[in-house]
Engineer: 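What follows is a single structure, and I will ask about it in a moment.
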Number of protein chains: 2
Amino acid sequence: MTSDLQAPASRDGNAAMRVASGIRDAIAHGDLAPGSRLRQEEIAERFGASRVPVREALKSLEAEGLVTLVPNAGAWVSRLTLAECEEVYQTRERLEPLLLAHSAPHLSEADLDRLEELAAAMSSTDDVGEFVRVDREFHMLSYSRAETLMLGDLVERLWNLTQPYRRAYTVLADADTRRIMHDEHHLMVVALREGDVEGAARTIEGHIRRTRRLLSRHPEVFTTSG
Amino acid sequence: MTSDLQAPASRDGNAAMRVASGIRDAIAHGDLAPGSRLRQEEIAERFGASRVPVREALKSLEAEGLVTLVPNAGAWVSRLTLAECEEVYQTRERLEPLLLAHSAPHLSEADLDRLEELAAAMSSTDDVGEFVRVDREFHMLSYSRAETLMLGDLVERLWNLTQPYRRAYTVLADADTRRIMHDEHHLMVVALREGDVEGAARTIEGHIRRTRRLLSRHPEVFTTSG
DNA sequence: TGGTCTTGGATTGGATCCAATCATGGAGTA
DNA sequence: TACTCCATGATTGGATCCAATCCAAGACCA
């Protein structure tokens, strides 16, 4: 019980924030699958905190939609149906062009170089995990210069909601589809370099739309076999 | 073991939920102005609870953007600048046509009759408080038949964010502007009756866009004089 | 034998207590 | 007079304890 043996958990930020980030990451990385039950005490012990900050963290995650909270019953990692996932993509289709328009004018040359690097890395890798990771970095970087109150956070949350399924259906893309995705990424960088915000916005919209339609052809990703 | 995977039906009634709703309503009704400090103990006493559920409620409200939480300092009702308010309206401009498209096919005749009633009530009242209240009911009813995972809640949150400012700039609309707003409402009902989802979506988009432009002509609403 | 009731354990929800942190104001000094 | 430093009170953050609720297994009875 003496705290000398147990190193006090890192002090930056408050505990609830740390716990929330930890759970978010665990979900994103696939360590916590959709449908998994989240027991407060278990989480508390895992993060070296008491249950109070855990409950606050779960409240935040519920508001983000990542966790489903049932009074007097418990918390589960949210599970999406195909229809719900399509809804998230429809929403992204509307919001990300807007967010990109906010960010595009402030992207530096270095940002654009990095975007090109990431696009190239995506077309050369065969590892799905790596692809998904780089894909996320690519898009988030393209939005990173937007100075927004909530739109940026909102889009990131939408990505988080579908992250567990992204890997699953990325495997299913055939060579042609992958080629088209890479072309779209490249087109987007070109448009951004030319200062063609409208063109970049249209490209990202089409990109998300195409991904959504790919998704809807693979309902097997969402079968609740577990 | 597998019984942990599916969440049982929800049951409402915990304190954190009540507190969150209470604060939300207080902000919406203007009892809590943007910038107001929220002291945990004060709130706890007001709702007859302890500080623990209050802290959970504040976490939720922070995730919604209604409350700004500063570690080790406290909580304040979020205050928007003009630019941030315009961002919310830009976001609504993209999302509400989509949400309306989800809802429109499921609106009943009774719903449409009620919408017409509300539109008429808006054009006949001179009381600003009444107008704002009915306006919200009108739009929320038009979305109420959408069966969405998050889009419906998301739009409602966006409305909540700007609710404190809506009353302020509604006063500033001249007779012409009000007339146009009423026409738009009526046009929307007509399009919905005809089953013209696309037309209704365009109408609501134009309606929000017009409101946003009206808003940007009245920066004085956002001067931090208080 | 089948259904209902009860009881125990497990888990969440809430209250109280203690620790950590921050703002405020006053004393002391150049 | 103005600036620094420190002490003190107020407020938030976290831990522990207790109450309420739910689920499941087994007892009881028709």
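Given the structure is predicted, the values throughout are model-derived calculations rather than measurements. Chain letters run A, B, ... following the sequence lines, proteins first and then strands; every chain starts at 1.
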Engineer: Rounding to a whole Å, what distance do you find between A:Asn14:CG and D:dA15:C1'?
Structural biologist: 15 Å
Engineer: In residues 62-76 of chain B, which ones come under 4.0 Å of DNA chain D, going by heavy atoms?
Structural biologist: B:Pro71, B:Asn72, B:Ala73, B:Gly74
Engineer: Taking the side chain from B:Gln90 and the backbone from A:Leu98, do they hold a donor-acceptor pair closer than 3.5 Å?
Structural biologist: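 A pair under 3.5 Å: no.
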Engineer: Parallel, tilted or perpendicular: which fits the ring planes of A:His185 and A:His139, with parallel below 30° and perpendicular above 60°?
Structural biologist: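 Perpendicular.
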Engineer: Base, sugar-phosphate, or nothing for A:Leu38, non-hydrogen atoms under 4.0 angstrom?
Structural biologist: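 It contacts sugar-phosphate atoms only.
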Engineer: Salt bridge (Lys or Arg N to Asp or Glu O under 4.0 Å) with B:Arg133: which residues, sequence neighbours excluded?
Structural biologist: B:Glu130, B:Glu137
Engineer: Taking A:Arg166's backbone N and O only, do any of them form a donor-acceptor pair with A:Thr170's side chain (distance below 3.5 Å, no angle check)?
Structural biologist: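 Such a contact is found between A:Thr170 side chain and A:Arg166 backbone.
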Engineer: If you find the nucleotide of DNA chain D closest to A:Pro53 and the one closest to B:Glu41, which residue's nucleotide is nearer the 5' end?
Structural biologist: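 So the residue in question is B:Glu41.
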Engineer: If the helix axis at each end comes from five base pairs, how far does the helix from C:dT1-D:dA30 to C:dA30-D:dT1 deviate from straight, to 10°?
Structural biologist: 10°
Engineer: Taking only Lys NZ, Arg NE, NH1 and NH2, and the carboxylate oxygens of Asp or Glu, determine whether A:Glu56 and A:Lys59 approach each other closer than 4.0 Å.
Structural biologist: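 Salt bridge between A:Glu56 and A:Lys59, a charged N being under 4.0 Å from a carboxylate O: no.
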Engineer: Distance check needed: D:dG14 C1' versus B:Glu56 CD, whole Å only.
Structural biologist: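 Taking CD of B:Glu56 and C1' of D:dG14, I get 13 Å after rounding.
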Engineer: Okay, side chain of A:Thr162, backbone of A:Tyr165: is any donor-acceptor separation there less than 3.5 Å?
Structural biologist: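 Such a contact is absent between A:Thr162 side chain and A:Tyr165 backbone.
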Engineer: Is a donor on one side and an acceptor on the other found under 3.5 Å between the side chain of B:Ser103 and the backbone of B:Leu100?
Structural biologist: no
Engineer: Tell me whether the OP1 or OP2 atom of D:dG13 has a side-chain N or O from B:Gln40 closer than 4.0 Å.
Structural biologist: yes
Engineer: Would you say a side-chain N or O of A:Arg37 is under 4.0 Å from OP1 or OP2 of C:dA10?
Structural biologist: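 No.
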Engineer: Determine whether a donor-acceptor pair (one donor, one acceptor, N or O, separation below 3.5 Å) exists between the side chain of A:Arg55 and the base of D:dG14.
Structural biologist: no
Engineer: Any N or O donor-acceptor pair under 3.5 Å from the base of C:dG13 to the side chain of A:Arg51?
Structural biologist: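 A donor-acceptor contact between them is present.
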Engineer: Identify which one of A:Glu87, A:Glu86, A:Glu93, A:His207 satisfies the side chain to side chain donor-acceptor pair (under 3.5 Å) criterion when paired with A:Arg212.
Structural biologist: A:Glu93
